[in-house]
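A short worksheet on the structure shown next.
We number each residue from 1, following the sequence as shown. Just so it is clear, the structure is predicted and the values come from calculations on it, not from any experiment.
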Amino acid sequence: MFSNNNTRAQTSTATRRLMKEYRDLTADPLQDTITAGPVSEDNMLEWEALIQGPEGTPYPGDYPLNPFTMTFDPPLLHPNTSERWSPVQGVRSVLLSVLSMLAEPNIESGADVECCKLYRDNKPEFERRVREQVKNLLGI
């Protein structure tokens, strides 16, 4: 019974924080390249985001105490699709970090070793694969 109350309290705290962050993002949107919010206002714990890749990258395209799960759906070919999280990071900072990650992959400590090798050893092939993946995902 104690753990159930604790879980409810954590969920309530996360919901309050995410509601505040959602209001903040609505009042002061991120760059034109990022849109984010809850999938449903009935569940503040599940969000979706659309992040357009920065210009010049091959990615073009139209809480508080525990890390949330961010999933690229569909999966994305990228060296750093698994990054560390800190409780002081809010939704805004995480989304901006993802945008920065897309612009400048960190291949020295990437989550996908094979992808890091491809990026380092044959960047044109890496970019070709990403562009092909994006075209397939968009159906073009």
Side-chain angles (χ1 to χ4, degrees):
M1 185 170 192
F2 177 75
S3 65
N4 285 343
N5 288 337
N6 190 28
T7 301
R8 265 188 253 136
Q10 288 174 345
T11 300
S12 177
T13 300
T15 299
R16 280 195 309 275
R17 177 173 169 172
L18 289 168
M19 286 175 70
K20 179 189 180 315
E21 292 196 40
Y22 180 50
R23 283 193 303 272
D24 291 349
L25 284 171
T26 303
D28 182 19
L30 291 165
Q31 306 166 11
D32 292 339
T33 59
I34 301 174
T35 304
V39 173
S40 161
E41 290 188 6
D42 295 333
N43 180 2
M44 294 300 291
L45 300 177
E46 183 177 352
W47 283 44
E48 62 185 358
L50 173 63
I51 304 172
Q52 295 179 355
E55 288 293 320
T57 70
Y59 300 99
D62 271 48
Y63 117 137
L65 299 179
N66 293 309
F68 46 83
T69 301
M70 178 178 278
T71 305
F72 288 95
D73 182 23
L76 179 70
L77 177 65
H78 193 279
N80 310 114
T81 54
S82 175
E83 293 295 316
R84 293 183 186 261
W85 179 84
S86 162
V88 298
Q89 289 181 294
V91 172
R92 178 182 300 271
S93 66
V94 169
L95 293 172
L96 289 171
S97 293
V98 170
L99 188 61
S100 175
M101 172 190 77
L102 291 175
E104 298 178 30
N106 177 0
I107 60 170
E108 299 305 319
S109 63
D112 183 334
V113 176
E114 291 302 313
C115 189
C116 289
K117 284 183 189 176
L118 179 61
Y119 185 91
R120 182 188 62 230
D121 298 341
N122 193 348
K123 190 174 177 185
E125 175 61 14
F126 169 82
E127 291 184 353
R128 185 197 67 73
R129 288 185 190 180
V130 169
R131 286 188 175 92
E132 181 178 307
Q133 182 184 38
V134 170
K135 284 180 185 178
N136 288 336
L137 296 173
L138 295 175
I140 54 175

Hphob cluster co-occupancy, Val39 + Tyr22, side-chain heavy atoms under 4.5 angstrom:
no
Report the C-alpha separation of Val134 and Val130 in whole Å, then their side-chain angles, then the decisive distance to 0.1 Å, and conclude whether the side chain to side chain contact (heavy atoms under 4.5 Å, CB included) test is met.
CA-CA 6 Å; Val134 170; Val130 169; 4.3 Å; yes
Would you call Lys135-Glu132 a salt bridge at under 4.0 Å N-O?
no
Apply side chain to side chain contact (heavy atoms under 4.5 Å, CB included) to Glu114 and list each qualifying residue two or more places apart in sequence or on a separate chain.
Asp112, Lys117
Met101 CE to Leu96 CG distance, which is reported to the nearest 0.5 Å:
12.5 Å
Separation of Glu48 CD from Ser40 OG (nearest 0.5 Å)
10.0 Å
So, for Asn43 and Pro38, which heavy atoms are closest and what is the spacing to 0.1 Å?
O-CB, 4.0 Å
Calculate, to the nearest 0.5 Å, the distance between atoms CZ and CD1 belonging to Phe126 and Ile107 respectively.
9.5 Å
Spatial distance of atom CG (Leu118) from atom CZ (Arg128) [nearest 0.5 Å]:
9.5 Å
If you round to the nearest 0.5 Å, how far is CG of Asn106 from SG of Cys116?
7.5 Å
Hey, could you give me the NZ/OG1 distance between Lys20 and Thr15, rounded to the nearest 0.5 Å?
15.0 Å
With a 4.5 Å limit on heavy-atom distance, are the side chains of Arg17 and Thr13 in contact?
no
With distance as the sole test, does Ser97 use its side chain to make a donor-acceptor pair with the main-chain N or O of Ser93 at under 3.5 Å?
yes
